[in-house]
Visitor: 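Encoded as structure tokens, here's the structure I'll be asking about.
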Amino acid sequence: MYTKLFKLFSLQKMIHSLFLINCSGDIFLEKHWKSVVSQSVCDYFFEAQEKAADVENVPPVISTPHHYLISIYRDKLFFVSVIQTEVPPLFVIEFLHRVADTFQDYFGECSEAAIKDNVVIVYELLEEMLDNGFPLATESNILKELIKPPTILRSVVNSITGSSNVGDTLPTGQLSNIPWRRAGVKYTNNEAYFDVVEEIDAIIDKSGSTVFAEIQGVIDACIKLSGMPDLSLSFMNPRLLDDVSFHPCIRFKRWESERVLSFIPPDGNFRLISYRVSSQNLVAIPVYVKHCISFKENSSCGRFDITIGPKQNMGKTIEGITVTVHMPKVVLNMNLTPTQGSYTFDPVTKVLTWDVGKITPQKLPSLKGLVNLQSGAPKPEENPSLNIQFKIQQLAISGLKVNRLDMYGEKYKPFKGVKYVTKAGKFQVRT
Amino acid sequence: MSSNSFAYSEQSGGGEATELGQEATSTISPSGAFGLFSSDLKKNEDLKQMLESNKDSAKLDAMKRIVGMIAKGKNASELFPAVVKNVASKNIEIKKLVYVYLVRYAEEQQDLALLSISTFQRALKDPNQLIRASALRVLSSIRVPIIVPIMMLAIKEASADLSPYVRKNAAHAIQKLYSLDPEQKEMLIEVIEKLLKDKSTLVAGSVVMAFEEVCPDRIDLIHKNYRKLCNLLVDVEEWGQVVIIHMLTRYARTQFVSPWKEEDGLEDDEKNFYDSDDDQKEKTDKRKKSYTMDPDHRLLIRNTKPLLQSRNAAVVMAVAQLYWHISPKSEVGIISKSLVRLLRSNREVQYIVLQNIATMSIQRKGMFEPYLKSFYVRSTDPTMIKTLKLEILTNLANEANISTLLREFQTYVKSQDKEFAAATIQTIGRCATNISEVTDTCLNGLVCLLSNRDEIVVAESVVVIKKLLQMQPAQHGEIIKHMAKLLDSITVPVARASILWLIGENCERVPKIAPDVLRKMAKGFTSEDDLVKLQILNLGAKLYLTNSKQTKLLTQYILNLGKYDQNYDIRDRTRFIRQLIVPNEKSGALSKYAKKIFLAQKPAPLLESPFKDRDHFQLGTLSHTLNTKATGYLELSNWPEVAPDPSVRNVEVIELAKEWTPAGKAKKENPAKKFYSESEEEEDSSDSSSDSDSESGSASGEQEEEGDSSDDSSEDSSSEHKSDSESASEVGNKRTAKRNSKSKRKRDSEDGENENEKSKTSDSSNADSSSIEESSSDSESESESESESESRKVTKEKEKKTKQNINPLTKDVSLLDLDDFNPVSTPVALPTPALSPSLIADLEGLNLSTTSSVITKEVRLKTSEEKSRKIFKDYNPHIMVSTPVFVPVKTHVLLHRMSGKGLAAHYFFPRQPCIFGDKMVSVQITLNNTTDRKIENIHIGGKRLPVGMQMHVFNTIESLEPEGSITVSMGIDFCDSTQTASFQLCTKDDCFNVNIQPPVGELLLPVAMSEKDFKKEQACLSALHLPAQQTQEC
């Protein structure tokens, strides 16, 4: 009785199995870390998927009689993990995203084709990333030492020499205090690049006033430095950074006391920090939209007219503008003329996309024309909101500026560079 | 190959395949036995040949194809013998793939799997740690019960391996073995115990995972490792952090007393304390209730804080739930920023985080109010995210922001996503009931929605309006009429039922319409939904009772229809109603009361958040997300009444090494004069030793800090609060700790009651350790600008308690019941080198057991005599404000509960220096809610103060639970007069005029000085012609 009771509760923790499912509902990869769980468990997932109608609405956590399914949706793929007992759901979700990131990192894309082509590497990766359902090595630098990413050259060499793409030494990082960096890195050109990317999240209301706006930023780094460099990056105005999350390499205490980012970087590309600019600061909105969208009562057409103009752009050009509009269901077709760029309207998903390009202040881009509605259907209640994408090079909209980058611990002189970009994040204009 | 045979092999479930495979291998001539599979086997035959070839490349190709089969979920079990032969392959990639295969199929082919065991046993002795580790991994992943003893042995050996990587794998293997054979529990616990002592950050996460899996109830294993785990935490890999934080949360809930109790327990404690003058024994019993945070508790809270900055959402959430469940209420606020940050992440993370925020925002609106706009909905959000955001917005709604929110909701109602629009309408309903100011606005808005074109919107509005009308039925005849008209057009059953119910309920207010509606309904009765039918019956019954002349026949018609309905519920209801309302000879006594029964006043429904009942689940857990208890969920225990012995966390070995006497009970019970300092030394030493034993990164950093601060405090002259100007929140731990030790020291020296010159080092570390427990709140108290009332209050109370704890010591040491006394957490006055030499000399004499040569006097000086006091200070820097020796328990009634509509307020004078200004007298007000509902928004309204008088009011109390009580401090500058300070005490609904008139004595401030000084000052005073002063000797 005693043992039996324990059997009942000793069901293993954490991630039990993983299924990869494509958009059409095929399970194209499965991996079990413990005893095998039948594919049929995914039926519960399919059921939920059906109910949700939209892929975005599939609940991430599903409870089934014997298991719990925690899933993520990434790049048109569902990663469905099977859990048997209590576990922090974010733990699993975060891990699944890490798996997807790793695939992306290894194969350049996280797609069904890429995964199927590299199924052995995928299996080896999954084996290393999770032991008995508990994450083992998730740091890309370590994984790359254990399992070499596929390259054409290497696969040719391997097929001739019979050597493998599996490392046979323990990744040095695993044992040191800096598990994110591999040892013995060597470059002929030592470079350190930082991209300061800021995104403006905003909701603009009908009248053009800002309902909500904030700036979220990240600093992505591409570090190719030999040896064990110890970097410190300082800002002209660190107080701007309100809420920061760090890569584990950053020394928190140094930041707390001096507002300097001090770290021994991982090798290659990684996200150094992500931050939010304190909400007290007013956010400059670089574009404005004039819009006039109307649907006539009892008629099967409507008018659509939007114009985009620059506003507070700090003298920089705004480029890469795209406007995406989810039109109401009753819209059949749209007949528009852009003064600039090109537009597409998908009559199935009812998504209008207008690729504008650059704004030239002399001639503001506009898109005008008629909307054909389903005849007989009532006119839409609400005008659709406009989602706008844009990009401003050489500008961090918050005014954040990197002051200097110092390197300690190595003798050579690295090449350093900082790039600033401002983008639209979730930038929505209500009409 | 033939497609159908292939399909068959694909379909065959695991069990069947196993049998086939086993048989196939045992008979060796599979082709004869299973002709059906021939073509399939041919393919496998080819793989077999490749596996048996001499070339590694062929083997590798074969293995890759096999792994591909496994990945697709195809059965490759019959290749087992061929594959298992390659387990000893030199090629590491082949080996790895064989491992993959073995782990997948060993359970099904146990006998054959045994062939591979010897290879692993050999590999376990390999000089390469990677090979040792992976051998252990595979060995433990092969779920074959026969090898349990071998696994056990391997785990034991690996747990002592030199390589932390191998030890980490050993920790993982523990869980696997346990799930294979729970009988091994005891042995495994031994290994866990051993591994818990491991100092490597690599091992920590994994072993705690194993602990959680195997023996989560053996909390005793954690004690000795607690401090180490706390200190290692920052350096552990992120996944381990999550597990450790969750475990430590549970640990803290069993080992420390609640930091939340203070509000409730406070008044009690105080009273008892003051009574203690008469009844010492009682005091000692009760005093244990007075709360000071265990330094270990503080350690955990402090060390997890940096992790809020982690890039891993799971870690941030884990820290957030830790703060939510174990930190003092005043400190929880810092997590909100980080949680809001997570909302930028992908949809799955958003979903979980929003759910948790929803739960938190019910209990503590204030936390997320500044981030209100972050929860605004975008049209591109998935519906599940939208509804969660809406939920949070509703929880955050209050009088101040409701108008903005309602405008925002208006946009949402028009959304194309109708499910979301419906949810918004529900939300508006909830806001309308929660915030009475906007009820009418909301109702009007909802009525407008009744003419919406979308039926779902209309139906939802009807349902919500019904609920709203139920709360204030009287004046809404018009709306009911309007809704009655809707019955012609609307088809959604819930909405129809709602309208009918409303008409029935208000049938006397709409006497003309009601019978007509019934007539219409009777016509279409048979085609209605069951829900609607029941309401038609109800309506009929109610009308029959109130207006039987017009509706008698109609009702009987409906009852007849109902009698033969297909649904038994409706037939039952019909029968019941008929018996009740239609008088016949058999009808019993009940029918007399039919009207009362049907038309009784019904209580209005409570529109509650669906997240209301989730708070009993630990945040961030699967159970919380699902709102049901998941398998293996461990309930978070309630705080213990009395903290278990904190000394269990001391690490003894090092204590002895440093030659400190171990903390023995006997010693503690002996009320020796040096009790405090000694026991504290012990604690400190163990504290620092535990630090030193974990020599990794942060831990050593902390040690430095400690060293720093103690240095500082011993050097510094310490009487300057120069850190006051610094903003408390921005300064890092280090600063805070330092400053605290400083300020503490100052206070201590001022108190100047106990002294022990024995060791300066212990002294300074002592100050440090006591500062741990107060670090944040203390620092806040120093900056006046700090606006959070709660934190201030807490600080205040702490200060007071500190003093309470010290007080009796001065009076009589033997009073102490040392068992109840948590030595570390009690701030104790200790002399410091920072004091001027003369005072040290004085204090040295002040040995409590010896007959004191110096008389400590408590002189009460009139606060009003600010100037003269300043003069004093100029004359003699040794005069310092001291704790009052006697504080009367007497409280004065500020507001009686009868006149305060259930809100009672008492005040008393704590006789402490006021933190709001040195001319002010501190007043503590205890508010009690004697009603059965929440009292919200308690604040001080209009003040009518005599000229010159000033008052520092307490911050608004957002809400006071029923039966709850809360104590707040305020400062009043009475301008040396006994004039009355009149002001208004306001709640959300009412204002009460109250007065505080100070007795003369309360305007005085206690000061300690030596007799000599006293004499000197007395001379000065008399020269200044001051009124009589009280002196008191102790």
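Per chain, numbering begins at 1; letters A, B, ... match sequence-line order.
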Visitor: Give me the atom names and distance for the closest heavy-atom approach of A:V58 to B:M384.
Guide: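 Nearest heavy atoms, A:V58 then B:M384: O-CE, 3.7 Å.
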
Visitor: Using non-hydrogen atoms and a 4.5 Å limit, figure out which bit of B:S310 sits close to chain A: side chain, backbone, both or neither.
Guide: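 Backbone only.
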
Visitor: Go through the atoms of B:V316 and report whether side chain, backbone, both or neither lie under 4.5 Å from a heavy atom of chain A.
Guide: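 Contact with chain A involves no heavy atom of B:V316 at all.
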
Visitor: Tell me if a side-chain donor or acceptor on A:E86 pairs with a main-chain N or O of B:S623 at a distance below 3.5 Å.
Guide: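 Answer holds: yes.
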
Visitor: Let me know if B:S140 has heavy atoms under 4.5 Å from chain A in its side chain, its backbone, both or neither.
Guide: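 Neither part.
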
Visitor: Could you please spell out the steps behind the side chain to side chain contact (heavy atoms under 4.5 Å, CB included) verdict for A:R276 and B:V340?
Guide: CA-CA 10 Å; A:R276 191 174 56 205; B:V340 170; 3.3 Å; yes

Visitor: Any donor-acceptor pair under 3.5 Å linking the side chain of B:R378 with the backbone of A:Q428?
Guide: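 Side chain of B:R378 to backbone of A:Q428: no pair is present.
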
Visitor: Check B:E408 with A:R430, please: is the shortest side-chain N to carboxylate O separation under 4.0 Å?
Guide: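 A salt bridge links A:R430 with B:E408.
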
Visitor: Measure the spacing between CG of B:D381 and CG of A:N57 and express it to the nearest 0.5 Å.
Guide: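 Result: 10.0 Å between the selected atoms.
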
Visitor: Hey, is NZ on B:K418 packed in by over 12 heavy atoms from elsewhere, all under 6.0 Å?
Guide: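 Yes, NZ of B:K418 has more than 12 neighbouring heavy atoms, counting only those of other groups under 6.0 Å.
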
Visitor: Side chain, backbone, both or neither: which part of B:S200 has an atom under 4.5 Å from a heavy atom of chain A?
Guide: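 Neither part.
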
Visitor: Under 4.0 Å between a Lys/Arg side-chain N and an Asp/Glu carboxylate O for A:E30 and B:K72?
Guide: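 B:K72 and A:E30: not salt-bridged.
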
Visitor: Ring centres under 6.0 Å, that's the criterion: do A:F91 and B:W239 meet it?
Guide: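 Yes: the rings meet the under 6.0 Å criterion.
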
Visitor: Could you look at B:Q618 and say if it's the side chain, the backbone, both or neither that has a heavy atom under 4.5 Å from chain A?
Guide: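 Neither; nothing under 4.5 Å.
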
Visitor: May I ask you to name which of B:V349, B:N312, B:V353 has the most heavy-atom pairs under 4.5 Å with chain A?
Guide: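 That would be B:N312.
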
Visitor: Can you check whether A:F212 reaches B:S374 side chain to side chain, under 4.5 Å on heavy atoms?
Guide: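 Yes. Closest side-chain heavy atoms under 4.5 Å.
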
Visitor: Under a 4.0 Å threshold between the charged nitrogen and the carboxylate oxygen, would B:R407 count as salt-bridged to A:D205?
Guide: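 Answer for the salt bridge query: no.
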
Visitor: Heavy-atom cut-off 4.5 Å, strictly under: side chain, backbone, both or neither for B:I70 against chain A?
Guide: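 It is both, since atoms from each part get that close.
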
Visitor: Report the C-alpha separation of B:L97 and A:E124 in whole Å, then their side-chain angles, then the decisive distance to 0.1 Å, and conclude whether the side chain to side chain contact (heavy atoms under 4.5 Å, CB included) test is met.
Guide: CA-CA 8 Å; B:L97 296 177; A:E124 284 168 348; 3.6 Å; yes

Visitor: If we only count heavy atoms from C-beta on, is the B:V234 to A:F252 side-chain gap below 4.5 Å?
Guide: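 Sidechains of A:F252 and B:V234: no contact.
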
Visitor: Evaluate the criterion side chain to side chain contact (heavy atoms under 4.5 Å, CB included) for residue pair B:Q309 and A:D243; output intermediate values, then yes/no.
Guide: CA-CA 8 Å; B:Q309 245 73 41; A:D243 182 40; 3.6 Å; yes

Visitor: Can B:Y633 and A:T85 be counted as having a side-chain donor-acceptor contact under 3.5 angstrom?
Guide: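 Per modelled atom types, B:Y633 and A:T85 side chains form no pair under 3.5 Å.
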
Visitor: Pick from B:Q321, B:K414, B:M317, B:H624: which one has the most heavy-atom pairs with chain A under 4.5 Å?
Guide: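 Heavy-atom pair counts peak at B:K414.
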
Visitor: Side chain from CB out, backbone as N, CA, C, O: work out which of these in B:H246 comes under 4.5 Å of a heavy atom of chain A, or both, or neither.
Guide: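 Contact with chain A: side chain only.
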
Visitor: B:H172, B:K55, B:M63, B:K95: which one forms the most heavy-atom pairs within less than 4.5 Å of chain A?
Guide: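 Result: the option with the highest number of such pairs is B:H172.
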
Visitor: Tell me, out of B:S345, B:G205, B:A314, B:G68, who's got the most heavy-atom pairs with chain A below 4.5 Å.
Guide: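 That would be B:A314.
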
Visitor: Quick one: what part of B:T411 sits under 4.5 Å from any heavy atom of chain A, side chain, backbone, both or neither?
Guide: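 Answer is both: backbone and side chain atoms of B:T411 are under 4.5 Å from chain A.
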
Visitor: Report yes if the side chains of A:L136 and B:K168 come closer than 4.5 Å at any heavy-atom pair, otherwise no.
Guide: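 Counting from C-beta outward, A:L136 and B:K168 do come under 4.5 Å.
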
Visitor: Just wondering, do B:R344 and A:E199 contact through their side chains at under 4.5 Å, heavy atoms?
Guide: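 Answer yes - side chains close enough.
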
Visitor: Is B:S338 close to chain A through its backbone or its side chain, or both, or neither, when contacts mean heavy atoms under 4.5 Å?
Guide: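 Both parts, heavy atoms under 4.5 Å.
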
Visitor: At a 4.5 Å cut-off on heavy atoms, which part of B:E419 comes close to chain A: side chain, backbone, both, or neither?
Guide: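 Answer is neither: B:E419 stays 4.5 Å or more from chain A.
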
Visitor: Supply the atom-to-atom distance A:E56 CD to B:T383 OG1, rounded to the nearest 0.5 angstrom.
Guide: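 OG1 of B:T383 is found 9.5 Å from CD of A:E56.
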
Visitor: Could you tell me which of B:R137, B:E237, B:K629 has the largest number of non-hydrogen atom pairs under 4.5 Å with chain A?
Guide: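 Maximum pair count with chain A is reached by B:R137.
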
Visitor: Please classify the contact between B:V138 and chain A as side chain, backbone, both or neither, with a heavy-atom cut-off of under 4.5 Å.
Guide: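 For B:V138, no heavy atom lies under 4.5 Å from chain A.
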
Visitor: Please give me the minimum heavy-atom distance between B:S206 and A:F134, naming the atom from each residue.
Guide: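 Scanning both residues completely, I find the closest heavy atoms to be OG-CE2, 4.3 Å.
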
Visitor: Can you find a pair of side-chain heavy atoms, one from A:K31 and one from B:R104, that are under 4.5 Å apart?
Guide: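 They are not in contact (no side-chain heavy atoms under 4.5 Å apart), so the answer is no.
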
Visitor: Report which part of A:Y275 has an atom under 4.5 Å of a heavy atom belonging to chain B: side chain, backbone, both, or neither.
Guide: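 No part of it gets close to chain B.
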
Visitor: Is there a donor-acceptor contact under 3.5 Å linking the side chains of A:H97 and B:E348?
Guide: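 Checked: A:H97/B:E348 side chains pair up, N/O donor to acceptor below 3.5 Å.
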
Visitor: State, yes or no, whether a side-chain contact exists between B:Y351 and A:I93 at a heavy-atom distance under 4.5 Å.
Guide: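 Counting from C-beta outward, B:Y351 and A:I93 never come under 4.5 Å.
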
Visitor: Would B:R341 and A:E214 pass as an ion pair if we require N to O under 4.0 Å?
Guide: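 No.
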
Visitor: Mind ranking A:E127, A:H32, A:Q216 by heavy-atom pairs under 4.5 Å with chain B and telling me who comes out on top?
Guide: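 So the answer, after comparing A:E127, A:H32, A:Q216, is A:Q216.
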
Visitor: Side chain, backbone, both or neither: which part of B:N346 has a heavy atom under 4.5 Å from chain A?
Guide: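 Just the side chain, heavy atoms under 4.5 Å.
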
Visitor: Does A:E256 form a salt bridge (Lys or Arg N to Asp or Glu O under 4.0 Å) with B:K305? I'd like the steps, not just the answer.
Guide: CA-CA 12 Å; A:E256 281 284 272; B:K305 193 180 164 204; 5.0 Å; no

Visitor: Pick whichever of B:T625, B:I352, B:V315, B:V67 has the most heavy-atom pairs under 4.5 Å with chain A.
Guide: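 Option with the greatest count: B:I352.
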
Visitor: For A:W33 and B:S141, run side chain to side chain contact (heavy atoms under 4.5 Å, CB included): C-alpha distance rounded to whole Å, both residues' side-chain angles, the deciding distance at 0.1 Å, then the answer.
Guide: CA-CA 8 Å; A:W33 282 273; B:S141 299; over 6 Å; no

Visitor: If you define the side chain from C-beta out and look only at heavy atoms, does anything of A:D242 sit under 4.5 Å from B:K337?
Guide: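 Result yes, sub-4.5 Å side-chain heavy-atom pair found.
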
Visitor: Would you check if the side chain of A:Y73 reaches a backbone N or O of B:R347 as a donor-acceptor pair within less than 3.5 Å?
Guide: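 Flag not set: sc A:Y73 to bb B:R347 has no pair under 3.5 Å.
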
Visitor: Quick one: do the B:S379 and A:S385 side chains pair a donor with an acceptor below 3.5 Å?
Guide: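 Yes, because at least one side-chain N or O of B:S379 sits under 3.5 Å from a partner of the opposite role on A:S385.
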
Visitor: Taking the side chain as everything from C-beta on, heavy atoms only, tell me whether A:P88 gets closer than 4.5 Å to B:L622.
Guide: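 They are not in contact (no side-chain heavy atoms under 4.5 Å apart), so the answer is no.
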
